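First comes the structure, then the notes that go with it.
As the structure is a computational prediction, the values presented were derived from the model and not from experiment. Note that these values count all heavy atoms, side chains included, but never hydrogens, waters or copies made by symmetry.
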Amino acid sequence: MGRPRQICARRVLALLTLALAAACQGPPEVRWHEPDAYPERLSDWGLLAHRQAGVVLGRGVVPYEIATPLFSDHALKLRTVYLPAEGRMTYRAQDAFELPVGSIVTKTFFYPIGADAGGKAMAVAAAGWSGDPADLTPSAYRLVETRLLVRQADGWHALPYVWDGDDAYLRLTGALLPMTLAIGGQPTALPYVVPARSECAGCHATDHASGRLSLIGLKARHVNRPYPGHADSQLATWAQRGLLAGLPDAAAWPAAADWQNPEATAAERARAYLDVNCGHCHSPTGPAATSGMHLDIHTTASRPLGICKPPIAAGRGSGGHRYGIVPGQPDASILVYRMETRDPATRMPETGRSVVHQAGVELVRDWIAQLPGECV
């Protein structure tokens with residue numbers, strides 16, 4: 001009986017040693033890759049690690065949040081930015097910050113894990129999360145995908161990685177991930193779509209003339225907010241840490257409204273929601289510039305905003321309605337119709353959602369209902 005006990009004791013000791021080693025693991029080291037050598041595994045970048053104790057960010061990787069996030073089928077998101085040694089972001093008042101070659105921006109999409117009546121695990125639509133990567137444990141959250149924007153000498157490169165177990169894998173052609181999503185307690189079939197690398201330009205080529213990819217969320221108005229657990233604005237924190245250059249006095253910082261903030265007006269919240277969800281395409285320079293409907297925050301004139309403007313080439317996407325926005329009449333507005341439909345040929349945004357964001361639709365409805373005037 002002595003030898004089996006010795007073997008058992010050695011196994012227990014080995015398991016304890018492995019557990020202790022895992023617990024003592026520090027943050028991974030970020031590793032740079034050239035365009036012709038992008039790795040198959042996300043872990044080879046060293047940007048984040050998915051462990052039993054939660055997500056651990058790589059050394060020098062900084063998390064951030066934006067005031068009003070893009071809706072993506074109720075997925076929650078962990079956003080990070082990595083800058084090379086001595087590198088700094090350069091402040092811009094309206095456009096995306098300039099980041100040096102060697103920078104990497106990531107966005108990880110995930111869902112809380114729940115169970116249906118039969119005990120089957122399913123994704124759950126949630127209003128938010130703590131903001132602490134350590135809370136993203138495998139037992140509580142399902143990581144779905146991590147998108148990278150990598151700043152190379154010739155511009156930004158987009159890379160989609162799909163999670164499988166404790167690592168994610170490069171999927172240049174995208175992926176379709178059928179899952180069940182609980183929305184308001186009701187199970188809903190969700191064909192979750194990971195965009196192909198070539199499809200990233202649909203949103204990130206914010207200047208259709210050049211076709212070059214650009215950042216969307218890293219703009220002063222979006223990141224001028226505290227990161228969860230901190231009192232100061234991310235802008236001030238980054239400047240103090242030497243990560244952001246050219247920051248003006250605080251009085252000059254623009255700020256987008258939080259779409260869920262009850263202290264902001266319906267107009268402020270709806271315009272912020274449309275800006276981040278639609279404005280990168282529907283702007284004077286975006287891919288949807290030819291529509292003549294500009295939903296970016298800088299457009300203030302009624303006709304370019306879509307108020308009483310007939311569609312140029314919407315086809316059946318108009319839903320039989322005459323104008324993009326009809327003051328006081330949400331149900332007569334093309335904008336509301338396209339936000340409410342799930343038809344892939346007519347829904348807006350075209351990519352990034354398969355289900356309807358009811359709360360977003362209701363916000364835009366409230367705003368349109370309060371608009372004065374009429375279309376004649």
Sub-3.5 Å donor-acceptor pair from the side chain of [X] to the main-chain atoms of [Y], do we have one?
X    : Y    : answer
T341 : R338 : no
R92  : A96  : yes
S72  : A75  : no
S283 : G286 : yes
D296 : G279 : no
T68  : A257 : yes

[atom1] of [X] to [atom2] of [Y]: how many Å apart, nearest 0.5 Å?
X    : Y    : atom1 : atom2 : value
L247 : L244 : CG    : CG    : 5.5 Å
H280 : L215 : NE2   : CG    : 12.5 Å
R151 : H157 : CZ    : NE2   : 9.0 Å
T265 : D366 : OG1   : CG    : 11.5 Å
L274 : L335 : CG    : CG    : 6.0 Å
D166 : R51  : CG    : CZ    : 10.5 Å

When clusters are formed by joining ILVMFWY residues with side-chain heavy atoms under 4.5 Å apart, either directly or through shared neighbours, do [X] and [Y] land in the same one?
X    : Y    : result
V101 : L47  : no
L159 : Y169 : no
W367 : W259 : yes
V276 : L295 : no
V223 : L99  : yes

Run the numbers on R212 and D154 for salt bridge (Lys or Arg N to Asp or Glu O under 4.0 Å), then give the verdict.
-> CA-CA 9 Å; R212 292 166 64 91; D154 62 347; over 6 Å; no
Exercise for the section: Begin with the C-alpha distance, continue with both residues' side-chain angles, and end with the deciding distance and a verdict on salt bridge (Lys or Arg N to Asp or Glu O under 4.0 Å) for D73 and R353. Expected result: CA-CA 5 Å; D73 283 337; R353 80 164 181 92; over 6 Å; no
Answer yes or no: is there a side-chain heavy-atom contact under 4.5 Å between [X] and [Y]?
X    : Y    : result
L148 : P160 : no
L363 : R365 : no
L57  : T80  : yes
M293 : I307 : no
V355 : L190 : yes
Y227 : P63  : yes
C281 : P287 : yes
L70  : K107 : yes

Side chains of [Y] and [X]: any donor to acceptor distance under 3.5 Å?
X    : Y    : answer
S130 : D135 : yes
W163 : T146 : yes
D36  : H33  : no
T108 : K77  : no
E98  : Y91  : no
Y64  : H222 : no
Y161 : W45  : yes

| said: Can you tell whether the side chains of R147 and E145 come within less than 4.0 Å, N to carboxylate O? | reply: yes
Original post:
Given the side-chain rings of W129 and F110, with only the six-membered ring counted for Trp, is the space between their centroids under 6.0 Å?
Top reply: yes
Indicate the atoms forming the closest heavy-atom contact of [X] with [Y], along with that distance.
X    : Y    : result
A245 : R88  : CB-CZ, 3.7 Å
D258 : R269 : O-CG, 3.5 Å
L136 : H50  : O-NE2, 3.3 Å
S333 : G324 : CB-O, 3.4 Å
G58  : P27  : C-CB, 4.3 Å
G292 : I312 : N-CD1, 3.9 Å

Exercise for review: Walk me through it: do V61 and V30 pass the test side chain to side chain contact (heavy atoms under 4.5 Å, CB included)?
Suggested key: CA-CA 8 Å; V61 175; V30 176; 3.8 Å; yes
Side chain to side chain contact (heavy atoms under 4.5 Å, CB included) evaluation trace for V364 with M339 = CA-CA 9 Å; V364 172; M339 290 178 67; 3.8 Å; yes
Residues 332-376 vs disulfide bond (SG atoms under 2.5 Å apart), sequence neighbours excluded, gives C308-C375
Quiz prompt | Chi angles and distances behind the salt bridge (Lys or Arg N to Asp or Glu O under 4.0 Å) call for R31, E29 | solution = CA-CA 6 Å; R31 296 178 293 278; E29 295 290 341; over 6 Å; no
task: On the 0 to 90° scale, with breaks at 30° and 60°, tag the F71-H74 ring pair as parallel, tilted or perpendicular.
output: perpendicular
>> Is it true that, when you exclude R322 itself, more than 12 heavy atoms of the residues, nucleotides or ligands shown sit nearer than 6.0 Å to its CZ?
In response: no
Note to self: Tell me if the CD atom of Q152 is crowded by more than 12 foreign heavy atoms within 6.0 Å.
What the structure shows: yes
Apart from V124 itself, its cluster of hydrophobic side chains linked below 4.5 Å comprises none
Discussion item. Using the rule given for side chain to side chain contact (heavy atoms under 4.5 Å, CB included), can you reason through H204 versus I216, listing the C-alpha separation, both sets of side-chain angles and the distance that settles it, and then say yes or no?
Written reply: CA-CA 7 Å; H204 284 279; I216 295 174; 3.8 Å; yes
So the side-chain hydrogen bond (donor to acceptor under 3.5 Å, both in side chains) pairs with at least one residue in residues 233-243 (sequence neighbours excluded) are N224-S233
Worked verdict on M122 versus R142 for side chain to side chain contact (heavy atoms under 4.5 Å, CB included): CA-CA 9 Å; M122 62 192 304; R142 173 184 175 179; over 6 Å; no
